[in-house]
Amino acid sequence: VQLQASGGGLVQAGGSLRLSCAASGRTFSSLAMGWFRQAPGKEREFVAGIRSGSSTYYADSVKGRFTISRDNAKNTVYLQMNSLKPEDTAVYYCAARVFPSVVANPREYDYWGQGTQVTVSS
């Protein structure tokens with residue numbers, strides 16, 4: 001599976017961004033998908049995940065502000081980020097898991113995209 005993330009950028013606090021992750025190489029609809037982020041000097045952390053059946057899961061820090069969704073016809077998963085805060089600044093990665101459940105441990109994911117930078121200014 002190849003994953004290509006896009007959509008990052010610079011935004012002011014309170015603004016919005018939508019990240020996209022396009023997948024190829026395997027039946028996308030059967031994969032659990034996740035978004036993670038990593039800020040400088042910090043460990044990679046779970047942000048949101050979506051099962052093949054479209055059940056969604058969120059980290060407490062983004063609940064109510066971020067929305068994960070998937071379009072199986074386009075082999076793409078999205079992360080809509082609203083009400084962005086400076087502490088959301090990080091490199092954001094999409095990941096795929098063959099076992100079709102969402103978990104927060106990044107080591108449980110089988111494939112990773114290249115990352116896209118999100119910077120939120122105060």
**Student:** State which residue, out of Ser121, Pro86, Ser122, fulfils the side chain to side chain contact (heavy atoms under 4.5 Å, CB included) condition with Gln12.
**Tutor:** Ser121
**Student:** Would you indicate whether the side-chain heavy atoms of Leu84 and Leu17 approach each other to under 4.5 Å?
**Tutor:** yes
**Student:** Tell me, with the steps shown, if Arg65 and Asp88 meet side-chain contact (heavy atoms from CB on, under 4.5 Å).
**Tutor:** CA-CA 11 Å; Arg65 299 187 298 122; Asp88 295 318; 2.7 Å; yes
**Student:** Please check if the side chain of Thr67 supplies one atom and the backbone of Gln80 the other of a donor-acceptor pair under 3.5 Å.
**Tutor:** no
**Student:** Is it the case that more than 12 heavy atoms not belonging to Lys63 sit under 6.0 Å from its NZ atom?
**Tutor:** yes
**Student:** Between Tyr92 and Arg37, do the side chains contain a donor N or O and an acceptor N or O under 3.5 Å apart?
**Tutor:** yes
**Student:** State whether Phe28 and Arg70 meet the cation-pi test: NZ (Lys) or CZ (Arg) under 6.0 Å from the six-membered ring centroid, and within 45° of the perpendicular axis.
**Tutor:** yes
**Student:** Minimum heavy-atom separation for Tyr109 and Val102, please, with both atom names.
**Tutor:** OH-CG1, 3.8 Å
**Student:** Would Gln117 and Thr119 satisfy side chain to side chain donor-acceptor pair (under 3.5 Å), going step by step from the backbone distance to the final call?
**Tutor:** CA-CA 6 Å; Gln117 176 71 46; Thr119 303; 3.3 Å; yes
**Student:** Are Met81 and Val11 side-chain neighbours, meaning at least one heavy-atom pair lies under 4.5 Å?
**Tutor:** no
**Student:** Do you know which two heavy atoms are closest between Leu31 and Ala96, and how far apart they sit?
**Tutor:** CD1-CB, 4.1 Å
**Student:** Quick one, Leu79 and Val47 - any side-chain contact, counting heavy atoms below 4.5 Å?
**Tutor:** yes
**Student:** Between Val1 and Asp110, does a side-chain contact (heavy atoms from CB on, under 4.5 Å) hold up when you go through it step by step?
**Tutor:** CA-CA 9 Å; Val1 176; Asp110 302 293; over 6 Å; no
**Student:** With the 4.5 Å side-chain cut-off for hydrophobic clustering, are Val77 and Phe46 part of the same group?
**Tutor:** no
**Student:** Within this structure, what is the CZ-CG distance for the pair Phe36 and Asn105, rounded to the nearest 0.5 Å?
**Tutor:** 7.5 Å
**Student:** So how far is it from Phe66 CZ to Leu19 CG, rounded to the nearest 0.5 Å?
**Tutor:** 8.0 Å
**Student:** Distance check, rounded to the nearest 0.5 Å: Arg107 atom CZ versus Arg44 atom CZ?
**Tutor:** 10.5 Å
**Student:** Would you give the length of the straight line joining atom CD1 of Ile68 to atom OH of Tyr58, rounded to the nearest 0.5 angstrom?
**Tutor:** 6.5 Å
**Student:** Kindly give the heavy-atom pair with the smallest separation between Ser29 and Ser52, and that separation in Å.
**Tutor:** O-CB, 2.9 Å
**Student:** From Tyr111 OH over to Met33 CE, what is the distance, rounded to the nearest 0.5 angstrom?
**Tutor:** 11.5 Å
**Student:** Scan Trp35, Tyr93, Tyr78 and name whichever one has a side chain to side chain contact (heavy atoms under 4.5 Å, CB included) with Cys21.
**Tutor:** Trp35
**Student:** Please determine whether side chain to side chain donor-acceptor pair (under 3.5 Å) holds for the pair Asp71 and Thr76, giving the CA-CA distance in whole Å, both sets of side-chain angles, and the decisive distance to 0.1 Å.
**Tutor:** CA-CA 5 Å; Asp71 185 337; Thr76 301; over 6 Å; no
**Student:** If you compare all heavy atoms of Ala5 against all heavy atoms of Gln114, which two are closest, and at what distance to 0.1 Å?
**Tutor:** O-NE2, 2.8 Å
**Student:** Is it the case that Ser6 and Gln4 place a side-chain donor and acceptor less than 3.5 Å from each other?
**Tutor:** no
**Student:** State the CD1-OG distance between Ile50 and Ser55, to the nearest 0.5 angstrom.
**Tutor:** 8.0 Å
